[in-house]
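Here the structure is a predicted model, which means the values were calculated and not measured. In what follows, chains carry the letters A, B, and so on, assigned in the order in which the sequence lines appear, proteins first and then strands, with residues in each chain numbered from 1.
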2 protein chains.
Amino acid sequence: MPTLTPTGDEPAPLGRNEQAVLGALRRSRAARSAYDILDEVRDAGLKAPTQVYRALEKLVKRGLAHRIESLNGFVACRHPQDQGFAAFAICTRCGAVRELADEALIAPLRHWAGAEPFAIEHVTLEVRGLCPACAGG
Amino acid sequence: MPTLTPTGDEPAPLGRNEQAVLGALRRSRAARSAYDILDEVRDAGLKAPTQVYRALEKLVKRGLAHRIESLNGFVACRHPQDQGFAAFAICTRCGAVRELADEALIAPLRHWAGAEPFAIEHVTLEVRGLCPACAGG
DNA sequence: ATCGCGAGCGTTATACTATAACAAAACAAG
DNA sequence: CTTGTTTTGTTATAGTATAACGCTCGCGAT
Ligand SMILES: [Zn+2]
Ligand SMILES: [Zn+2]
Ligand SMILES: [Zn+2]
Ligand SMILES: [Zn+2]
């Protein structure tokens, strides 16, 4: 029998690998590739891409990290309270990734989802351009 | 002096490689990877990934094809009249990709863009889930 | 205790995606 | 024709992701 989880589901604490990877993501304002992360967490004992990918998969499932499709990279979640959709503004010059919680952006998607005969599992919304700092100067 | 284009910019006809790649995309209702495409256009004389990627780059620049970030794949454009944003509904079961021209989906993005101090270059909006055919049965 | 099973982790190897770098050929101007 | 410019072909390599397998650990059954 698989390990019995007593009540509903305890979140189960993060393993050493997950903690190391999440730490690396939190320290960065830009998205990091799995191999970038690997370079940074070698000290913590991770030695192969698989370990990083496994940790990332768990973190993403829990909503503690997000995958940025247009960069083949990952970021730590900055809006832990959100369930479901996430959106990102990505600066093409400095690489900064800002997680958008803007309801004005997300509500229309929910509305569309209600009207369309399409069972949504996940939405990717990534806006690329220049952040104020990079555009202004 | 670089080749002078007489008036504004003539679209310039597609080369053999672009035509072959675009044909492969149009024949498919799912997104195709560059290597998938390569397998299909070997007959037409393309022999290396670079050639496919170059053709894809030109097609995307012209708006005749789109990259689907969440699949590392490409589709032919089905709404040639659209300028700017494109959005996609992707079935995770059958792989069908539908290009969404729905103004209800796109207008909020334009609105957000106007209000935010962020200079948008490109928007990726990909909705993953089950298409009616795959969800219904 | 200890045996057996299943889940997860570490490790190696490999598949898939994308681009760099250079050679050859096509094209336009003079 | 000659030369500079641009495109196309070719080879090699970089970057991203997963498959496969064996080991260990924790837990329940004997
Ligand atoms: Zn988040
Ligand atoms: Zn910036
Ligand atoms: Zn289109
Ligand atoms: Zn389907």
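- A donor-acceptor contact under 3.5 Å is formed by the side chain of T50(A) with the base of dA19(D).
- In this entry the distance linking OH of Y53(B) with P of dC16(C) reads 12 Å, nearest Å.
- Toward the 5' end of DNA chain C, the nearer of the two residues L71(B) and K58(A), judged by each one's closest nucleotide, is K58(A).
- Rounded to an integer number of Å, the gap from CD1 of I37(A) to C1' of dT16(D) is 12 Å.
- Residue Q51(A) places at least one side-chain N or O under 4.0 Å from the OP1 or OP2 atom of dG10(C).
- Looking at E18(A) and K58(A), a side-chain N of the basic residue comes within less than 4.0 Å of a carboxylate O on the acidic one, giving a salt bridge.
- What separates CZ of R67(A) from C1' of dT16(D) is a distance of 8 Å, to the nearest Å.
- The residue R16(A) sits apart from the nucleic acid: no heavy atom pair falls under 4.0 Å.
- Taking the charged nitrogens against the carboxylate oxygens, R62(A) and E57(A) have no contact shorter than 4.0 Å, which rules out a salt bridge.
- If you take CG of D39(A) and P of dG15(D), they are 11 Å apart, rounded to a whole angstrom.
- Atom CG in L46(A) sits about 10 Å away from atom P in dT11(C), given to the nearest Å.
- Under 3.5 Å, the side chain of Y35(A) and the base of dA17(D) form at least one donor-acceptor pair of N or O atoms.
- Checked against dT18(D), dA20(D), dT8(D), the side chain of P49(A) finds its nearest nucleotide in dT18(D).
- A salt bridge links E116(B) to R98(A): at least one charged side-chain nitrogen sits closer than 4.0 Å to a carboxylate oxygen.
- Separating the CD atom in E126(B) from the CZ atom in R67(B) is a distance of 9.0 Å, to the nearest 0.5 Å.
- K47(B) has its NZ atom 17 Å from the C1' atom of dA12(D), to the nearest Å.
- The nearest heavy atom of DNA chain D to D36(A) and to R54(A) marks one nucleotide each, and the one closer to the 5' end goes with D36(A).
- Between N17(B) and dT7(D), a side-chain N or O to OP1/OP2 separation shorter than 4.0 Å is absent.
- For the pairing with H66(A), the ring-ring contact (aromatic ring centres under 6.0 Å, His included) check across F88(A), F85(A), F74(A) returns one residue only, F88(A).
- Going from atom CG of N72(A) over to atom C1' of dA18(C) covers 10 Å, rounded to whole Å.
- Comparing dT19(C), dC9(C), dT11(C) against the side chain of A48(A) picks out dT11(C) as the nearest.
- Remark: P of dC9(C) and CG of L38(A) are 16 Å apart, rounded to the nearest angstrom.
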